[in-house]
S.K.: 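The structure's right below; bear with me while I get my questions together.
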Amino acid sequence: MDGIKSRNDYALVHFKRNSMVSNKNPILPVESTCEGNGTMMYCMTSEHAAGEDYTEVARHFNVDVKTGLSHAEAEARQKAHGYNEFEIIEEETLLKKYLGQFKDPLIMLLLGSALVSVLMKQFDDAISITVAITIVVTVAFIQEYRSEKSLEALKQLVPPKCHCLRDGHLETFLARNLVPGDIVHLTIGDRVPADIRLFETTDLSIDESSFTGETQPANKTSAVQGAKINNGIADRRNIGFMGTLVRCGRGKGIVIGTAENSEFGEVFKMMQAEEPPKTPLQRSMDTLGKQLSFYSFCIIAVIMLIGWLQGKHMLEMFTIGVSLAVAAIPEGLPIVVTVTLALGVMRMAKRKAIVKKLPIVETLGCVNVICSDKTGTLTKNEMTVTHIYTSDGLHAEVTGVGYNGNGEIRCNGNLVKDYTHPSISKLMEVSCLCNNAEIENNTLLGQPTEGALLAAAMKMNLYNLRDGYDRLQEWPFTSDTKKMVVKCVPKQGPRQEMYFVKGALERLLQQCKTYYSRGAPLPLTGAQQHAYTLEASRMGVAGLRVLAMAYGPSMDNLMFVGMVGMIDPPRPGVRESVEVLVSSGVAIKMVTGDAEETAAAIGSRLGLYSLGGHTLSGEQLDQMDISELQRIINRVAVFYRASPRHKHKIVKALQNNKYIVGMTGDGVNDAVALRSADIGIAMGTVGTDVCKEAADMILVDDEFSTIMSAIEEGKGIFYNIRNFVRFQLSTSIAALTLITLSTVFGLPNPLNAMQILWINIIMDGPPAQSLGVEPVDHDVIRQPPRRVNDSILSRKLLSNVVLSALIIVTGTLWVFWREMSDNKITPRDTTMTFTCFVFFDMFNALSCRSQKKSVFSIGLFSNRMFLLAVGGSLLGQLLVIYFPPLQAIFQTEALYLTDFLFLIALTSSVFVVTEIRKLIERTSERRRRLFAKEKFYDDHDIV
């Protein structure tokens, strides 16, 4: 082996590797010996591997490129190298995180108050404040911990996969299981799973912009690189780098470096150093918190000043003021936003929608246009050939579904098998040779369109036609050329090169000079071309996708052999989802590369023309600038013959019209539009790694209806956060107002510092947090999309907050005045007042579960977390009242049963009033809708 000669040499190189200067060393050792071959295994740097012939690299890793590693050898190497994944930088310990909660300025202020109490030998107050601080900090720590764990779970939902040769068989498994020496196969749309030395490439282009900054994909080769390899990563054309994306072609390579031993290792460490940005909702909540904090401090300062002028003890007023600050300032707002979003994302994952970033949850509720790719999104992406039309005018019908040979082909009532119909057989020959798919055990490995062609060939017993040819070269299908070409030579007979082509009819006819007729070529006339175009149009109107076939000795001298029509039926439930979304104000626009007839047929089946939508072609899009497209795009429902640049242009035009755009897709050609849309939505099953990388959300089951569920969750999450804000603000305002009024009117403080802190725990703790996990109201999907600039604090929300706070303050002050009828304040007086406020809080939380619906209609027991939280809070309140140690801390005394009955009857008023208000608003809204509906019918003279 090159490199290490002694233990000292090993130590030196190992030190350099850990110092992130590994590119200076051609070979990187691991820390243990692989048991598979009894020798030390080494990784290779890309610089060293690029200058070596691949046979030398294979010898270095002791691997046969035709069979790959054995499972036993791979397992042994994995023990030495570890998994092909990056270890997250060791985080702070739980204890350190917990202690970090005490750095909050308000908590520090409270600690200062406890210290002053100790200095003044008021140890009871010091202990009480310290206990309260501990409880507040613990609640905040638990909530943040829950949020972090939720986010960590999300990172494991979409692990990258790879295609690897093991024991001579091509297997697909998680990329984390790759080891140095593995043989990896790459195809269009794959993410390169490790650093690999390429030894076979077919028009392979890889997007390396993450390393080089070059926007154009790098063309790859298997040839040994010269001296230019030292100039940088961009010059290593025979290396595939971990994390890059295959844009075109296919390739095979040997894994030379995994995890931190890859070029991506340093990039990953830089990524770990970046702090994730706050979401827009979190930023707005932070702003809200600062505003409320400012107003709260002003009020608290006034309270302390008035109390001091009235001759009250300064330490008492200081402690009350600080405690009130902790209770009034909504420090729980950022926590509840993160927790609610994270838990909502986890709920989305259970409904088969994986959201990669928390900000997307907010945007989901704002989406008002969805641009959807047709194939694999609105349709099943399970193509089946149903019709064959040959160049000499034969029509054949195909039966059977799925990627198998079940079914038959009939032409004029006769069964078609083998070579009974030469023109059909020739068309099937082109279909099989110009094809990269494989069907094994009724399972498709490849593209659905190519799988449908192979299935049709299987029904004629012609599946193995490829065995008679050697493929020399391939030009993959692209959205620009709209055709795929392969160059082959027969294995037997004359070794004449022949081109086999499949693609769009209009593109193939331009390069055809003849057409196949009963075994002989005939000149292709304008009349024949018109006949083929007319037949393709008929197929398209029937909703079939048309694919034409041709072959010949050169690309300028092709012979047309016919075309096939295949169907990709709409997915179950898509039409219903489209109807619901459209009725809620979300426009659906289908974007497809199909011909107008096919696109229009699918659009009609899905109900996309229900509001008078039109169609627009990619050619027409090319002739328009953005401003022209903006003027008409609202009326367009279907875009056909669209390329990636068209999709990107569509998204930009809609965004310029102030729409929030969601774009769905499954192929490489969708990646640019997915990235530019406000929300890119990729298909999880059939979607390529490229589109998953570009997307913000992944549909695990590829169901369009899952988008509706995700939007429903997104809207529900926003409403849940509003419910929390309403509860917290009403409690905060009530507590501030209660103390302010008591101070202004010269009354004793109705609540002591410990009681105020207990209320703060309820306000920021479990009862409040449980509002964030309220089950989503399914009627929310029918609500119009939320405007991006909509404030959390709407006028309606503020009026509800003020109403609830007014009821709480009025009721609590009345109880305090009633208990103080003897003009003396006793522990019973404060206990009754304290318990009254807590009970008001619990009933207020119950009413905050929904802004519009009655609690009885959404279900009293539908939110189990809420029931547990309220039950726990009430149990804690009973302990504060009856448990002697807590009685001493909170300065309370036991109450009678009649006291509780009285308090329940009084405090339930906030719930009753809120329910009556909801009923009045619902009745008013129904009347408005009925009036609008009647006006619509009158204006349109509809009976």
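Residue numbers run from 1 in the order of the sequence given.
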S.K.: Where do Met697 and Ala353 come nearest, in terms of heavy atoms and distance?
M.R.: SD-CB, 4.3 Å
S.K.: Pairing donors with acceptors under 3.5 angstrom, does anything connect the side chains of Arg726 and Ser730?
M.R.: no
S.K.: Looking only at heavy atoms, which two atoms of Val578 and Leu606 are closest? And how far apart?
M.R.: CG1-O, 3.7 Å
S.K.: Distance alone, cut at 3.5 Å: any donor-acceptor contact between the side chains of Asn863 and Glu774?
M.R.: yes
S.K.: Could you check whether any side-chain N or O of Thr835 sits under 3.5 Å from a backbone N or O of Thr831, counting only pairs where one atom can act as donor and the other as acceptor?
M.R.: yes
S.K.: Check for a donor-acceptor pair, side chain of Gln655 on one end and backbone N or O of Ser676 on the other, with a separation under 3.5 Å.
M.R.: yes
S.K.: Let me see the working for Lys852 and Glu921 under salt bridge (charged side-chain N to carboxylate O under 4.0 Å, His left out), right down to the final yes or no.
M.R.: CA-CA 8 Å; Lys852 292 184 176 181; Glu921 289 180 353; over 6 Å; no
S.K.: Only pairs at least two apart or in different chains count here, so list each salt bridge (Lys or Arg N to Asp or Glu O under 4.0 Å) that has a residue in residues 856-868.
M.R.: none
S.K.: Rounded to the nearest 0.5 Å, how far does CG of Leu895 lie from CG of Leu878?
M.R.: 9.5 Å
S.K.: Nearest 0.5 Å, what's the CG-CG distance between Asp678 and Asp696?
M.R.: 9.0 Å
S.K.: Could you tell me which non-hydrogen atom of Val838 sits nearest to which non-hydrogen atom of Ile759, and how far apart they are?
M.R.: CG2-CG1, 4.4 Å
S.K.: Are any of the side-chain heavy atoms of Leu654 and Gln630 separated by less than 4.5 Å?
M.R.: no
S.K.: Mind checking whether Phe890 and Phe834 have parallel, tilted or perpendicular rings, split at 30° and 60°?
M.R.: parallel
S.K.: Would Glu703 and Lys352 pass as an ion pair if we require N to O under 4.0 Å?
M.R.: no
S.K.: Go through the steps for Lys918 and Glu915 under the test salt bridge (charged side-chain N to carboxylate O under 4.0 Å, His left out), then give the verdict.
M.R.: CA-CA 5 Å; Lys918 291 179 186 177; Glu915 288 294 302; 3.4 Å; yes
S.K.: What distance do Arg928 atom CZ and Thr923 atom OG1 have between them, rounded to the nearest 0.5 Å?
M.R.: 10.5 Å
S.K.: Please find the pair of heavy atoms, one from Leu797 and one from Arg722, that lie closest to each other, and give the distance.
M.R.: CD1-O, 4.0 Å
S.K.: So Asp701 and Thr706, side-chain hydrogen bond (donor to acceptor under 3.5 Å, both in side chains) or not? Walk me through it.
M.R.: CA-CA 8 Å; Asp701 56 2; Thr706 304; 3.0 Å; yes
S.K.: Tell me whether Ser804 contacts the main-chain N or O of Asn800 through its side chain, where contact means a donor paired with an acceptor under 3.5 Å.
M.R.: yes
S.K.: Could you tell me if the side chain of Phe704 sits less than 4.5 Å from the side chain of Leu699, heavy atoms only?
M.R.: no
S.K.: Evaluate side-chain hydrogen bond (donor to acceptor under 3.5 Å, both in side chains) for Asn723 paired with Gln851, printing each intermediate quantity in order.
M.R.: CA-CA 7 Å; Asn723 293 341; Gln851 296 292 322; 2.8 Å; yes
S.K.: Cut-off 3.5 Å, side chains only: do Ser862 and Arg849 have a donor facing an acceptor?
M.R.: yes
S.K.: Short question: side chain of Ser732, backbone of Gln728 - any donor-acceptor pair under 3.5 Å?
M.R.: no
S.K.: Do the side chain of Thr810 and the main chain of Ile807 share a donor and acceptor less than 3.5 angstrom apart?
M.R.: no
S.K.: From Leu674 CG over to Thr664 OG1, what is the distance, rounded to the nearest 0.5 angstrom?
M.R.: 7.5 Å
S.K.: State, with a plain yes or no, whether a side-chain heavy atom of Met832 is found less than 4.5 Å away from one of Phe816.
M.R.: no
S.K.: How many angstroms lie between atom OG of Ser705 and atom CZ of Arg351, to the nearest 0.5 angstrom?
M.R.: 10.0 Å
S.K.: Would you name the heavy atoms of Leu364 and Gly714 that are closest together and state the gap between them?
M.R.: CB-CA, 4.2 Å
S.K.: Identify which one of Ile370, Asn368, Val367 satisfies the side chain to side chain contact (heavy atoms under 4.5 Å, CB included) criterion when paired with Leu581.
M.R.: Ile370
S.K.: Tell me if a side-chain donor or acceptor on Lys589 pairs with a main-chain N or O of Leu608 at a distance below 3.5 Å.
M.R.: no
S.K.: Kindly state each residue pair satisfying side-chain hydrogen bond (donor to acceptor under 3.5 Å, both in side chains) with at least one member in residues 900-912, sequence neighbours excluded.
M.R.: none
S.K.: Nearest 0.5 Å please: distance from the CH2 atom of Trp814 over to the OG1 atom of Thr833.
M.R.: 11.5 Å
S.K.: Quick one: do the Asp841 and Thr731 side chains pair a donor with an acceptor below 3.5 Å?
M.R.: yes
S.K.: Give me the atom names and distance for the closest heavy-atom approach of Pro767 to Ser873.
M.R.: CG-OG, 3.0 Å
